[in-house]
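Throughout, protein chains are lettered first and strands after them, A, B, ... in sequence-line order, and every chain is numbered starting at 1.
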Amino acid sequence: MNESNSPSNFIRDIINEDLARGTHTSVMTRFPPEPNGYLHIGHAKSICLNFGLARDYNGVCNLRFDDTNPAKEEVEYVDSIKEDVRWLGFDWEDREYFASNYFEQLYQYAVHLIEAGKAYVDSLSAEAIRDYRGTLTESGRNSPYRDRSVEENRNLFERMRAGEFPDGAHVLRAKIDMAAPNLSLRDPTIYRIRKIAHHRTGDQWCVYPLYDFAHGLSDSIEGVTHSICTLEFENNRALYDWFLDNLPVKNRPRQYEFARLNLTYTVLSKRKLLKLVQENIVEGWDDPRMPTLSGLRRRGYTPDAIRNFCDRIGVAKRDSTVDLALLEFSIREDLNDRAPRFMGVLNPLRVVIENYPEGREETLEAMNHPTDERFGTREVPFGKVLYIERDDFREDPPKKFFRLAPGREVRLRYAYFITCVDVVKDPDTGEVVELRCTYDPATRGGNAPDGRKVKSTIHWVAADHAIDAEVRLYDRLFTAPDPEAAGEGDFRVCLNPQSLETLTACKLEPGLGQLEKGTTVQFERMGYFCRDIRDDAPDHPVFNRTATLRDPWAKIDRQQKQATRATS
RNA sequence: UGGGGCGUCGUCAAGUGGCAAGACACAGGGUUUUGGUCCCUGCAUUCGGAGGUUCGAAUCCUCCCGCCCCAGCCA
C-alpha cells in the first residue's frame, strides 16, 4: 500500500489499520491553512504529510482555506498559499474549498443544535464569559442565559444573523458542561457577531462560526477521513467529536495530532514572521532569510530539497526541534546534482601574469559539472589580467593554508599553474592591491607534463571579460538556537547582524550574464547562488547565496584564530 | 493543585516481549583540477528514574521525575 519511500509513522499505522479493518475503503485528507499569512517550512511538513498520504494510499487531499475570521484574512494570502502549494509540487485538482462555502450549512447545523437544546445564545460580555469559565483547577459556573428556551434561542440567533445586534452583544454557545475538566468543553462559543466584510462572502454574513465548530464539520461535509493537525489541538479533539456526535452528519472524520516543526535558529510562528515583516527587520515575506516558502524559493531552495527534508524529519508526537543543518544538507544534496558550475569571484584581488604576452587572449574549456558529463562543457576566456578570491591569498600563510602565497604555486581551475612572485601594496594603507605572478605555459588545462603537483586549485575570472554583479550573502537570521527562549519574548535581541552581507564589486565569468532569473548555480568553491527574481536587472545582475559549500578550511581557520587569540 | 499529551545517541527518528535501524551533526582515513562531491571507519552494553512480571523488557505492570498544551467572542 505504501509505495513511496516516505518513512512510516504512527499516522500511516492508523491508516493501515483502518483500511485493514474496513473502517475506511479510501483515504481523504486535507491541508487547511488560514489565509492570514504566508506559508512557511512548517506548513511544508503538513503539506507533504497530507498530500503524501493521499498520494501513497491512492486517495485525495483537499486544499481548504479555513477562513472563518474575516478580521484577519485576505485574498493576498490565499493567492500566495495556492502558489506555494503548487510550487512545492502538489495538486489539489478541482478540490479547492473554503470553510466559507459552508456558512449556510454550518448555520443550519447551529440551528439544529439549538432545537435539540444543545446550544444557547449567551448575552454575557466577553469578560463575564471568561469569568464564568472557571480556572484550570476550579470548574466554571453556568451562565444566567444558559436556560433560555429553544424558541428564544432560535429567535435571538436569527436576529443575530439579521444584523440586529452589534458586535459582542451575543454569542452562540454549545451547551455541554461548565464543570468539564477539559476547558474546551465548558460551553464553547461557536458563533460570534462580526460586522466585517469577508474576503469571499462580502457582507452576506455578520455571524461567523469559530474554528472548533467549523473545522470538524467542514471535514465531515467534504468526506475527509483523516483530519491531521498539530499537537496543540489535542484538547480540542473532544469538542471535534462532540459536534460530530450531536449533529446529523453523513461522514465521520477522525482527528489525529502530530508535532509541529521547530527549527534551530529560526522562528516559525505566523505572528512572529508577520512582525519581522511589519517592523522591516526583513524586506518582506519573500526575503531570502525568511523560512517562508516564498523566501526559500527566492533564496534558491528547490521543491525537491524541501520535500526530501520533510521526509527525513519524520512525523511523530513528541515536541522536537530539527537542526537547521539538516535543511542545509537537503539543499546541498539536491543542488550538488543539478546546479551547473561556474566561476565567480566575490572579493576580487587583481592578478597580473607577468610572463603572459601582452594583449593575448585565449579560451579554455571547462566542465559544467564535475561528475555528470550530460552538463557538457563551456568556454571561458583567459587573459593577462585576472581576478582571484582575496581569501585565496595570504602573505603569511598559516599552517594548513594550501592556497596562494608569495613564492607558492597553485592551479587556476581549468587554466594554468601560476606562481606568486610579487605583492603590490597600497603605499598608504598597506593593503594588498595586486599580485604579480608567472604562469607555466606547459600546464595549459591544469596538468603539468612533468607530473608535479600543487596543493590547491583556485577559481578566477579574466578581468577583460568579467561581468560585474551584486551578490548577497545570507546567513541565519538569529544567533541563538532558540530565538524564542533567548529573547525572553523579544526575539529581536538575538537577531544576527550579519544575516545579510551585500557585495557589490563581484566579478563573474561572462556566461553567467545569460543566466535566467530564479536559477541556481554553483560558484565553484564558494557555494550555490540563485539569480534574484526581484532586484535583478540586465545591467545589474543580482545573486542570492542559497547555501555555502561544506568548508573544512573555514573551520580550521577559525580554530587557529581562536588558538592564537587565546595564547596572546 | 484539574485535564490532555510526550520522554530511545548532540539533533531528528525506527522499534509494538527475543537481545538498540537510519539520517543529520561530529571525529578519523582514502580518492579528487572545487579544502566540494564520492568512498570507508568510528559514534546509545543502553532506551527519563526506581522497583516488579518474564527464560528474556525500550517494549508489560507499579510508583516517581521531567517537559509540552488548555482558562480567545484566534486558528
Side-chain angles (χ1 to χ4, degrees), chain A residues 7-9 13 32-34 36 66 68-69 71-72 122 124-126 129-131 133-140 167-173 180-186 188-194 208 210-212 214-215 229-238 257 259 261 264 270-271 311-330 332-333 336-337 341 343 366-367 369-371 400-403 411-415 417 443 445-447 453-459 481 522-527 548-557:
Chain A
S8 192
N9 57 54
D13 292 344
E34 182 190 13
N36 69 341
D66 227 328
T68 56
N69 186 352
K72 292 187 178 176
D122 198 350
L124 248 24
S125 68
I129 286 177
R130 190 186 319 127
D131 192 50
R133 187 155 28 232
T135 68
L136 295 178
T137 53
E138 305 159 50
S139 69
D167 286 15
H170 308 283
V171 292
L172 185 70
R173 293 228 259 168
N182 179 345
L183 268 49
S184 61
L185 259 19
R186 317 243 264 227
T189 300
I190 59 180
Y191 264 91
R192 75 305 214 177
I193 300 170
R194 278 275 180 289
Y208 293 94
L210 275 91
Y211 168 84
D212 286 307
H215 199 90
C229 62
T230 45
L231 252 28
E232 65 271 27
F233 291 98
E234 271 175 326
N235 295 312
N236 303 233
R237 191 174 63 235
E257 311 87 10
L261 173 67
T264 55
K270 280 200 222 170
R271 218 194 85 245
D311 277 346
R312 263 190 275 258
I313 58 179
V315 176
K317 293 201 70 149
R318 77 182 77 111
D319 292 306
S320 58
T321 302
V322 174
D323 194 336
L324 185 60
L326 187 59
L327 216 212
E328 290 172 345
F329 168 81
S330 298
R332 286 194 190 107
E333 168 191 62
N336 179 56
D337 290 343
R341 316 286 134 125
M343 292 193 285
M367 288 188 290
H369 191 103
T371 55
K400 292 186 182 167
F401 181 86
F402 303 147
R403 280 109 95 147
R411 171 167 42 234
L412 293 179
R413 177 136 239 226
Y414 299 125
F417 285 12
T443 58
N447 283 305
K453 304 288 184 199
V454 287
K455 295 197 78 174
S456 169
T457 299
I458 65 174
H459 60 280
Q522 185 190 108
F523 290 176
E524 291 209 39
R525 305 203 310 132
M526 300 309 285
T548 60
L549 261 23
R550 278 187 65 232
D551 188 0
W553 164 248
K555 193 175 292 183
I556 294 168
D557 194 34

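Residue A:D337 is out of contact with every strand shown, counting any heavy-atom pair closer than 4.0 Å. As judged by a 4.0 angstrom heavy-atom cut-off over every strand, A:R173 is placed among residues making no nucleic acid contact. Heavy atoms of A:F401 sit under 4.0 angstrom from at least one base atom. At the heavy-atom level, A:S456 lies nowhere under 4.0 Å from the strands shown. If you check every strand for non-hydrogen atoms under 4.0 Å, A:R413 touches a base. Residue A:P552 is in sugar-phosphate contact alone, with no base atom involved, counting any heavy-atom pair closer than 4.0 Å across all strands shown. Counting non-hydrogen atoms under 4.0 angstrom, A:N447 reaches a base of the nucleic acid. Residue-level contact check: A:R186 touches neither bases nor backbone, having no heavy atom under 4.0 Å from any strand. Residue A:K270 is classed as having no contact, given no heavy-atom separation below 4.0 Å to the nucleic acid. Across all strands shown, A:E328 has no heavy atoms under 4.0 Å from either base or sugar-phosphate atoms.
Distance A:R312 CZ to B:A14 P: 16 Å, rounded to the nearest Å. For the pair A:N336 CG and B:C39 P, the computed distance is 11 Å after rounding to whole Å. In this structure, the CZ atom of A:F523 is 19 Å from the P atom of B:U37, given to the nearest Å. Atoms CG (A:D551) and P (B:U34) sit 14 Å apart, rounded to a whole Å. Rounded to whole angstrom, the span from the CG atom of A:L185 across to the P atom of B:G2 amounts to 18 Å.
Here, B:U45 and B:G35 have their P atoms 38 Å apart, quoted to the whole Å. Comparing B:A44 with B:A23, their P atoms sit 14 Å apart, to the nearest whole Å. One P atom belongs to B:G5, the other to B:C55, and the distance between them is 34 Å to the nearest Å. A distance of about 26 Å separates the P atoms of B:A75 and B:C6, rounded to the whole Å. Taking the P atom of each, B:G18 and B:G51 are spaced 24 Å apart, rounded to whole Å.
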Name the pairs: protein N/O against N/O of nucleotides 25-32 of chain B, kept only if under 3.5 Å.
unit_1: B:C26; atom_1: OP1; unit_2: A:K555; atom_2: NZ; d: 2.9

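Base-pair partner of B:G66: B:C6 (Watson-Crick or G-U wobble, both distances under 3.5 Å). Remark: B:A27 base-pairs with B:U41; criterion is Watson-Crick or G-U wobble with both hydrogen-bond distances under 3.5 Å. Pair assignment for B:C60: B:G52, on the basis of Watson-Crick or G-U wobble contacts that are both within less than 3.5 Å. Of the nucleotides present, none pairs with B:C73 by Watson-Crick or G-U wobble criteria with both distances under 3.5 Å. Remark: B:C12 base-pairs with B:G22. Criterion, Watson-Crick or G-U wobble with two distances under 3.5 Å.
Contact record, A:M367 with A:E524: O-OE2, 4.5 Å, taken as the closest heavy-atom pair. Minimum interatomic distance between A:L183 and A:T135 (heavy atoms only, all atoms of both residues): CD1-O, 4.1 Å.
In this structure, A:W553 and A:F401 have perpendicular ring planes: the angle between them is above 60°, well past the 30° mark.
With hydrogens and angles ignored, a donor-acceptor pair under 3.5 angstrom links the side chain of A:R318 to the base of B:U8.
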Per-nucleotide protein contact along nucleotides 65-75 of chain B, 5' to 3', at a 4.0 Å heavy-atom cut-off (B base, S sugar-phosphate only, - neither), is ---SBBBSBBB
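A salt bridge links A:R237 to A:E257: at least one charged side-chain nitrogen sits closer than 4.0 Å to a carboxylate oxygen.
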